[in-house]
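Some notes on the structure that comes next.
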Amino acid sequence: MAKGCFLSVVVPMYNEEEVIEVTYRRLKTVLDSLGETYEIVFVNDGSRDRTADIVRNLCATDSSVKLVEFSRNFGHQIAVTAGMDHSSGRTVVLIDADLQDPPELIADMVARWREGYDVVYGKRIERKGESAFKKLTAAMFYRLLRSMTSVNIPVDTGDFRLMDRKVCDALTSMRERSRFIRGMVSWAGFKQTSVDYVRDERFAGETKYPLRKMIKLSLDAMTSFSTKPLKIASVLGFVLSAIGFVYLFVVLYQHFFTHSTQQGWTSLVAISLLFHGITLSLLGVLGEYIGRTYEESKGRPLYLVSEAINFASIEDEPSRERDIVKVGERAYR
Ligand code: UDP
Ligand code: MG
């Protein structure tokens, strides 16, 4: 099942030893029932547990299983990107390793693709087993993002989706570092539709998305798809300096025509605190953008591969040469 299979399934993994074998088996059942050629591209995002060993064993017995091993943890969105880079299917499915996205839905997605859609994304009508905090922040985030950007990013969708090869190629041609794949798919356009599903509980283990990673993803999404925070910053700056300017006249009037300047102390401190706070937070907004511009300007590869199993080496496949990494004697994408 080497080149040009029908369906590639991309599975990013970070410390998923408890689930990965079950995930493999459930995927396999669904994929076999489709009666098409397929490959499962597992991307090991620097796991520190036995995840890679388990997949390596699967690779040895099943040539449709492929493993891309990162040199360290590069993050979920980058891992998904690497999986897409290494996929060869006519269609590509992105799915989490923890079985929160039901593999059985892939059959429905393929059916919609056959109807002529290029992107079929899963829309979560319910999220099971996730904390109220996560649900609330996620709901708020999707709606805030929607109001901030001109790209129409559907609410309540994750990365669980099927894409046509041309959409996958469009995405992998975008080499930006701050990646928010859902947004990039929306940006790409094409004919898109959704299938509803209930997001299950994690099969085992705990979330690999702590608050810190959630915040980073939201900031990446905001800064990649909206410059509104910058505009808000400048509008706010303008309005506040106008207020400050008017107040200057009040202060001068008080100084020259009244004897009440001593009393100004309170307002002075209040204003100083307010303005310092605002200035610092606006600097923070600028910093978020500048930092990302700096990261992009370095032009480093998005990830480094330490090992790639069950892939044809790059010499057999000269058409693709993105992110070539040499492993010993052989070069891999
Ligand atoms: N993941 C990854 N790298 C990371 C964090 C997560 O590849 O640094 C993978 C993880 O193994 C899983 C998917 O991304 O397959 C989604 O992570 P998780 O299920 O922990 O997120 P949640 O569903 O809780 O938002
Ligand atoms: Mg999960």
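In listed order, ligands and their atoms are each counted from 1. Reckoned from all heavy atoms, side chains included, excluding hydrogens, waters and symmetry mates.
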Would you call D53-R56 a salt bridge at under 4.0 Å N-O?
yes
Presence of salt bridge, D220 and R179, under 4.0 angstrom:
no
Check the angle between the aromatic planes of F70 and F74 and answer parallel, tilted or perpendicular using the 30° and 60° thresholds.
perpendicular
Check the angle between the aromatic planes of F141 and F180 and answer parallel, tilted or perpendicular using the 30° and 60° thresholds.
perpendicular
Within the distance-only criterion (no hydrogens, no angle test), does the side chain of R165 pair as donor or acceptor with the backbone N or O of G89 below 3.5 angstrom?
yes
Side-chain donor/acceptor of T91 to backbone N/O of D164, under 3.5 Å
no
Counting only protein N, O or S atoms (no waters) closer than 2.8 Å to the Mg ion (ligand 2) gives 2
Please report, to 0.1 Å, the donor-acceptor pairs under 3.5 Å made by any side chain of residues 189-197, with sequence neighbours excluded.
| unit_1 | atom_1 | unit_2 | atom_2 | d |
| --- | --- | --- | --- | --- |
| Q192 | NE2 | V185 | O | 2.9 |
| Q192 | NE2 | G189 | O | 2.7 |
| Y197 | OH | D101 | OD1 | 3.1 |

Please give me the minimum heavy-atom distance between R72 and D45, naming the atom from each residue.
O-OD1, 3.7 Å
Close-range residues for ligand 1, whose non-hydrogen atoms fall below the 4.0 Å threshold:
P12, M13, Y14, E16, D45, N73, G75, H76, D96, A97, D98, Q100, K134, R199, R202, T207, K208, Y209, K213
Residue pairs, two or more places apart or on separate chains, that pass salt bridge (Lys or Arg N to Asp or Glu O under 4.0 Å) and touch residues 103-116:
R26-E104, E36-R114, R112-E115
